[in-house]
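Below is one structure, written out as structure tokens; comments come after it.
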Amino acid sequence: MSQASTPELIDIQGLPAVRLRARDGAQATVLLQGAQVLSWTPAGGPERLYVSEQSAYTEGQPVRGGVPVIFPQFEKRGPLQRHGFARNKPWTLLRSEVGRDDALAVLRLCDDEATRAAWPHAFALELTVAVGGGRLDLELEVEHTGPADAEPFSFMAALHTYLRVREVEEARLKGLRGLDFQDCTRPGSPLQPEPSAALAIGDETDRIYFGASQPLVLEEPHRGLVIESQQFPDVVVWNPWEAKCAAMADMPALGFRRMLCVEAAVIGEPVALQPGEQWWGRQSLVAD
Ligand code: BG6
């Protein structure tokens with residue numbers, strides 16, 4: 001049974017965050033800004049998320065790393081700011097509990113004047129972060145909170161997970177073979193099926209895979225990570241590689257070698273909600 005606990009509120013370079021500690025020692029830290037998970041250490045294990053040491057911890061700007069929440073627009077696929085506004089906004093911590101098997105926190109973001117000026121809809125987002133044993137579970141809920149006669153809205157969303165790797169060229173991502181992907185490094189190029197059973201990263205990679213239906217596995221020579229998702233049909237695989245990384249003010253020159261983004265996303269077919277309707281999607285990371 002879960003017990004409500006006093007959340008352990010901490011300060012990360014001037015920004016408020018909540019630290020979750022499960023009874024078995026697994027931990028996660030969530031920045032209230034953006035409901036951005038910045039750290040995940042499975043029980044008895046090392047850090048599994050990448051956060052750039054050159055991140056600016058600035059109000060209204062996402063930190064470079066962890067798990068930014070992307071909503072209601074992916075990248076520049078619409079009129080809003082890149083990747084939408086949810087990652088830049090202060091979320092509210094609704095509750096925090098420690099149960100027998102995990103510790104969890106629920107954070108919420110609702111529309112306000114600024115979001116309505118950019119995107120004229122009433123919504124509530126909830127992100128539930130649960131950590132315990134070898135697992136991190138992230139569930140995003142979206143609700144249309146407008147009155148019955150409001151317009152429906154549609155959105156894209158992603159959990160933009162930066163996974164920490166020892167050396168990205170040693171890592172292999174399994175489970176994508178046969179899926180059609182768009183190569184965003186070659187705008188306008190046609191969709192193509194993934195030929196490889198074990199994707200190796202050796203150059204700039206920015207791809208959207210559509211219609212994934214099975215768990216992925218990120219294998220490194222010394223460890224593995226299972227990446228499961230529910231109701232997020234698409235997967236984004238991103239690594240900026242050397243030149244783009246060097247041009248990013250918030251990444252160290254060799255940062256691209258320590259990370260691989262594997263994002264659970266809904267992009268190809270945006271979700272449409274009528275007033276009163278809800279949607280949810282989940283990404284789970286399971287360390288071995
Ligand atoms: C990825 C996109 O999801 O996010 C990339 O596919 C993008 O194209 C990357 O560069 C990082 O975006 P940002 O806005 O956080 O720098």
Side-chain angles (χ1 to χ4, degrees), residues 15 31 33-38 49-89 118-119 127 138 140 155-165 168 171 173 176 179-189 191-192 194 199 201 203-212 216 218 227 229 232-253 255-270 281 283 285:
L15 298 178
L31 207 61
Q33 175 169 283
Q36 187 169 354
V37 177
L38 285 188
L49 298 180
Y50 174 82
V51 174
S52 162
E53 57 267 36
Q54 280 179 215
S55 293
Y57 289 76
T58 311
E59 249 175 60
Q61 295 292 326
V63 171
R64 176 67 62 195
V67 188
V69 175
I70 307 304
F71 174 91
Q73 172 185 303
F74 185 78
E75 225 253 331
K76 290 191 249 158
R77 295 171 171 246
L80 303 179
Q81 66 197 100
R82 184 187 171 83
H83 280 329
F85 48 69
R87 64 179 180 165
N88 304 321
K89 303 283 294 179
W119 196 65
L127 185 76
L138 304 175
L140 179 67
F155 65 87
M156 300 174 198
L159 297 171
H160 193 309
T161 305
Y162 286 72
L163 298 172
R164 174 177 288 274
V165 291
V168 72
L173 185 59
L176 296 167
L179 296 182
D180 281 338
F181 71 91
Q182 183 169 2
D183 183 350
C184 304
T185 67
R186 294 166 52 223
S189 59
L191 291 186
Q192 49 190 304
E194 173 57 57
L199 180 69
I201 308 291
D203 205 346
E204 184 191 353
T205 305
D206 192 356
R207 297 178 173 189
I208 306 173
Y209 289 86
F210 297 101
L216 307 177
L218 183 66
I227 305 162
S229 68
F232 276 118
D234 306 327
V235 179
V236 181
V237 180
W238 179 61
N239 184 293
W241 213 250
E242 197 167 0
K244 284 217 168 138
C245 184
M248 292 161 75
D250 57 1
M251 282 288 276
F256 73 97
R257 295 209 164 274
R258 308 284 163 259
M259 49 116 350
L260 182 64
C261 284
V262 182
E263 308 168 34
V266 54
I267 299 170
E269 287 181 32
Q283 187 186 50
L285 307 178

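Atoms within a ligand are numbered from 1 in the order they appear, just like the ligands themselves.
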*Identify which of His83, Arg87, His160 has a heavy atom lying nearest to atom 15 (O) of ligand 1.*
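Nearest heavy atom to atom 15 (O) of ligand 1 lies in Arg87.
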*Which residue from Arg82, Lys244, Arg207 reaches closest to atom 10 (O) of ligand 1 through any of its heavy atoms?*
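That would be Arg82.
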Residue pair [X] / [Y], side-chain heavy-atom distance below 4.5 Å:
X: Arg64; Y: Tyr162; value: yes
X: Leu138; Y: Val69; value: no
X: Arg258; Y: Ser52; value: no

*Would you mind checking which non-hydrogen protein atom is closest to atom 5 (C) of ligand 1, with the distance to 0.1 Å?*
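It is Asp206 OD2, 3.3 Å.
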*Can you tell me the protein heavy atom closest to atom 11 (C) of ligand 1 and the distance?*
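Protein heavy atom with the smallest distance to atom 11 (C) of ligand 1: Trp238 CH2, 3.6 Å.
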*asked:* Which of the numbered atoms in ligand 1 are under 4.0 angstrom from any heavy atom belonging to Glu263?
replied: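 Every atom of ligand 1 under 4.0 Å from some heavy atom of Glu263: 1 (C), 3 (O).
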_Need the ligand 1 atom indices (1-based, order shown) with element for anything under 4.0 Å from a heavy-atom of Phe74._
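Per the distance check, 3 (O), 6 (O).
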*Least distance between heavy atoms, Phe256 atom then Asn239 atom*: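 In this case the closest contact between Phe256 and Asn239 is O-ND2, 2.8 Å.
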*Taking all non-hydrogen atoms of both residues into account, name the closest pair between Glu204 and Pro240 and its distance.*
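Minimum heavy-atom contact is CG-O, 3.6 Å.
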